[in-house]
There are 2 protein chains.
Amino acid sequence: MADRLTPRAREIVAAARDLLEESGPDRLTMRTLADRLGIKAPSLYKHFPDKHAVEVELVVQLLTETAEVLETAEAGAPGSLEALAGAYRGYALAHPHLYCLGTERPLPRTELPAGLEDRAALPLLRVCAGDTDLARAVWAFAHGMVVLEIHGRFPADAELDAAWKRGLRALHP
Amino acid sequence: MADRLTPRAREIVAAARDLLEESGPDRLTMRTLADRLGIKAPSLYKHFPDKHAVEVELVVQLLTETAEVLETAEAGAPGSLEALAGAYRGYALAHPHLYCLGTERPLPRTELPAGLEDRAALPLLRVCAGDTDLARAVWAFAHGMVVLEIHGRFPADAELDAAWKRGLRALHP
DNA sequence: CCGTGAGGCTAACGGCGTTAGCCAGCCTGG
DNA sequence: CCAGGCTGGCTAACGCCGTTAGCCTCACGG
């Protein structure tokens with residue numbers, strides 16, 4: 001992960017992330033990205049083969065930070081699914097554009113650091129005591145809640161805290 | 001809904017749907033859509049103000065058919081959440097591109113037929129005996145399972161039937 | 001001192017959504 | 001019977017997108 005990118009490439013990814021989080025995926029453009037760095041769009045191709053490669057690095061950040069957030073939550077309240085779920089929800093809602101970018105398309109698994117995907121999944125699997133079916137169900141529930149909330153799918157007056165509690169209580173009594 | 005669109009507009013929407021379901025959102029282009037109809041792209045603007053308006057009609061189809069599918073499932077097995085969930089999953093996986101198009105962005109509520117959104121939600125609310133928090137949790141679970149499966153997020157060897165059962169059993173004992 | 005690679009640049013291509021403006025044919029009212 | 005307007009096509013073009021080709025400058029190592 002240290003030598004995964006050159007320093008300049010890291011600057012580019014950082015700018016891409018700022019752009020994405022500030023303005024959403026529509027404004028994450030090779031031209032606006034270059035603008036922000038004070039260079040021209042074609043110069044970006046000296047550092048990344050295409051736009052997709054830049055986005056992959058953002059997905060790596062999402063997965064890494066998700067893993068960190070979940071590990072921290074687990075350390076603070078071992079065995080607590082509520083703590084894990086709260087951390088997941090909080091992180092996702094704090095970075096909605098990044099969350100959607102990394103989530104609403106197939107995972108570029110071959111381009112990811114080895115073990116990263118598993119690392120992000122482990123805390124939940126531990127709190128489910130190794131029950132993978134349950135872990136997948138909980139993950140689907142949490143992901144569904146987050147994306148539906150991000151996209152404004154619930155009624156404006158929906159009590160989402162209550163729905164979270166209701167779901168978590170059912171899934172992990 | 002009958003006079004919602006002119007006949008020609010309905011043909012355009014039908015072609016758009018074919019294109020979307022066959023080839024995915026990237027190929028749902030004003031030019032390819034026009035091609036399929038034997039006309040040129042600018043002519044489409046005689047029937048719709050912009051591409052978004054065409055997509056809204058596809059979302060209307062998704063919501064309408066979802067409502068129908070759920071109502072049918074409910075009629076066949078009243079009170080069964082499993083039947084509802086199976087119908088939902090089956091429909092979504094049969095139309096993955098349409099499902100994602102209608103689901104992975106804010107709902108254009110003001111442009112939808114009145115009552116359609118509620119109608120699609122009602123069967124689930126009934127099976128949850130009016131418990132809206134539970135209904136939202138179940139919806140989030142089902143949506144999460146479907147989109148994660150569509151985007152290949154689960155491991156290739158995941159037993160998704162088991163995860164569905166596990167989640168449904170927990171949420172609706 | 002020269003060569004080379006790193007990292008910029010401009011020009012351009014094809015595809016996208018969209019607009020402006022033109023035109024053929026049909027339907028209707030006087 | 002024909003004049004006018006509406007319907008639904010068309011071409012040309014604009015500005016944006018990702019991307020490629022090809023050029024230039026400069027630092028650094030042999």
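Keep in mind it's a predicted model, so treat the numbers as computed, not measured. Chain identifiers are assigned alphabetically (A, B, ...) following the order of the sequence lines, protein sequences preceding nucleic acid strands; residue numbering begins at 1 within each chain.
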Asks: Whole Å only: how far is the CG atom of Asp26(B) from the C1' atom of dG18(D)?
Replies: 13 Å
Asks: Assign each of Thr32(B) and Leu44(A) to its nearest nucleotide of DNA chain C by heavy atoms, then name whichever residue's nucleotide is nearer the 5' end.
Replies: Leu44(A)
Asks: Any salt bridge between Arg166(B) and Asp161(B), counting N to O under 4.0 Å?
Replies: no
Asks: For the side chain of Lys51(A), starting at C-beta, report the closest nucleotide among dT18(C), dG18(D), dC9(C).
Replies: dG18(D)
Asks: Within less than 4.0 Å of OP1 or OP2 of dG7(C), is there a side-chain N or O belonging to Ser43(A)?
Replies: no
Asks: Could you report the tightest heavy-atom contact between Leu160(B) and Met145(B), atom names first, then the distance?
Replies: O-CE, 4.1 Å
Asks: Does dG9(D) have OP1 or OP2 under 4.0 Å away from a side-chain N or O of His47(B)?
Replies: yes
Asks: Quickly work out the Arg27(B) CZ to dG17(C) P distance and round it to whole Å.
Replies: 11 Å
Asks: To the side chain of Thr29(B), which of dG18(D), dG17(C), dT11(D) is closest?
Replies: dG17(C)
Asks: Report yes if a donor N or O on one partner sits less than 3.5 Å from an acceptor N or O on the other, where the partners are the side chain of Lys46(A) and the base of dG8(C); otherwise report no.
Replies: yes
Asks: Taking Leu5(B)'s backbone N and O only, do any of them form a donor-acceptor pair with Arg10(B)'s side chain (distance below 3.5 Å, no angle check)?
Replies: yes
Asks: Provide, to the nearest angstrom, the distance between the CZ atom belonging to Arg10(A) and the P atom belonging to dG7(C).
Replies: 13 Å
Asks: Write down the distance between CD (Glu11(A)) and P (dG7(C)), rounded to a whole number of angstrom.
Replies: 11 Å
Asks: Looking at Asp133(B) and Arg136(B), would you say the former's side chain and the latter's main chain have a donor-acceptor pair under 3.5 Å?
Replies: no
Asks: Round to a whole Å and report the spacing from CG of Leu19(B) to P of dC16(C).
Replies: 11 Å
Asks: Without decimals, in angstroms, what is the distance between Ile12(A) CD1 and dG8(C) P?
Replies: 7 Å
Asks: Rounding to an integer number of Å, can you tell me how far Leu33(B) CG sits from dT18(C) C1'?
Replies: 14 Å
Asks: Closer to the 5' end of DNA chain C via nearest nucleotide, is it Pro49(B) or Arg8(A)?
Replies: Arg8(A)
Asks: May I ask you to verify whether the side chain of Arg31(B) and the base of dG17(C) hold a donor-acceptor pair under 3.5 Å?
Replies: yes
Asks: Do His151(A) and Glu104(B) have a side chain donor and acceptor closer than 3.5 Å?
Replies: no
Asks: As a test of reading the structure: which of dG17(C), dC10(D), dG8(C) is closest to the side chain of Pro42(B), going by heavy atoms?
Replies: dC10(D)
Asks: In whole angstrom, what separates Met30(B)'s CE from dG14(C)'s P?
Replies: 23 Å
